[in-house]
Amino acid sequence: MLQRIIKALPADIGAAETGTGPQPGLHGKVQKVSVSLPAELTEAVRARTGAGGFSHYVSEAVQEQLRLDLLDDLSADLTAAYGPVDDEQVRQAMTEWPDYPRR
């Protein structure tokens with residue numbers, strides 16, 4: 001289970017935010033693949049990224065989706081092992097979050 005947490009989170013959250021350490025993400029050898037996308041989506045990505053940023057933009061989107069999938073897997077494992085978290089527990093945990101709106 002711990003391995004799923006490690007895979008799902010960025011390599012170094014603090015360093016990524018400050019620019020002082022390795023950036024999170026997958027790095028290394030690239031492999032060219034063919035992906036079919038709706039024309040409107042392709043045009044929208046190109047409009048945001050310019051000529052050279054399309055692959056990077058798509059890679060980041062796929063990486064984020066993979067991270068979310070791994071977090072879903074972890075959540076399912078934790079629910080199976082410990083049962084569901086009730087709404088009151090979620091509300092209590094949210095109050096511990098630094099940017100939770102205080103009333």
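This one's a predicted model, so the numbers in the text were calculated from it and none came from an experiment.
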At what distance, to the nearest 0.5 angstrom, does [atom1] of [X] lie from [atom2] of [Y]?
{"X": "Asp77", "Y": "Asp72", "atom1": "CG", "atom2": "CG", "answer": "11.0 Å"}
{"X": "Asp73", "Y": "Leu78", "atom1": "CG", "atom2": "CG", "answer": "11.0 Å"}
{"X": "Asp87", "Y": "Met94", "atom1": "CG", "atom2": "CE", "answer": "12.5 Å"}

- Message: Can you list everything that forms a side chain to side chain contact (heavy atoms under 4.5 Å, CB included) with Val85? Sequence neighbours excluded, please.
- Response: Gln89, Val90
- Message: Restricting to side-chain hydrogen bond (donor to acceptor under 3.5 Å, both in side chains), what partner residues turn up for Asp69, sequence neighbours left out?
- Response: Gln65
- Message: Let me check something: do Val62 and Phe54 share a hydrophobic cluster, defined by ILVMFWY side-chain heavy atoms less than 4.5 Å apart, either directly or through other members?
- Response: yes
- Message: Quick check: is Leu74 connected to Tyr82 through a chain of hydrophobic side chains (ILVMFWY, heavy atoms under 4.5 Å apart)?
- Response: yes
For a quick test of your reading: what N or O donor-acceptor pairs under 3.5 Å do the side chains of residues 31-45 make, sequence neighbours left out?
residue	atom	partner	partner atom	Å
Thr42	OG1	Pro38	O	3.3

- Message: Enumerate the side chain to side chain donor-acceptor pair (under 3.5 Å) contacts for residues 44-56, please, sequence neighbours excluded, ordered by first and then second residue.
- Response: His56-Glu60
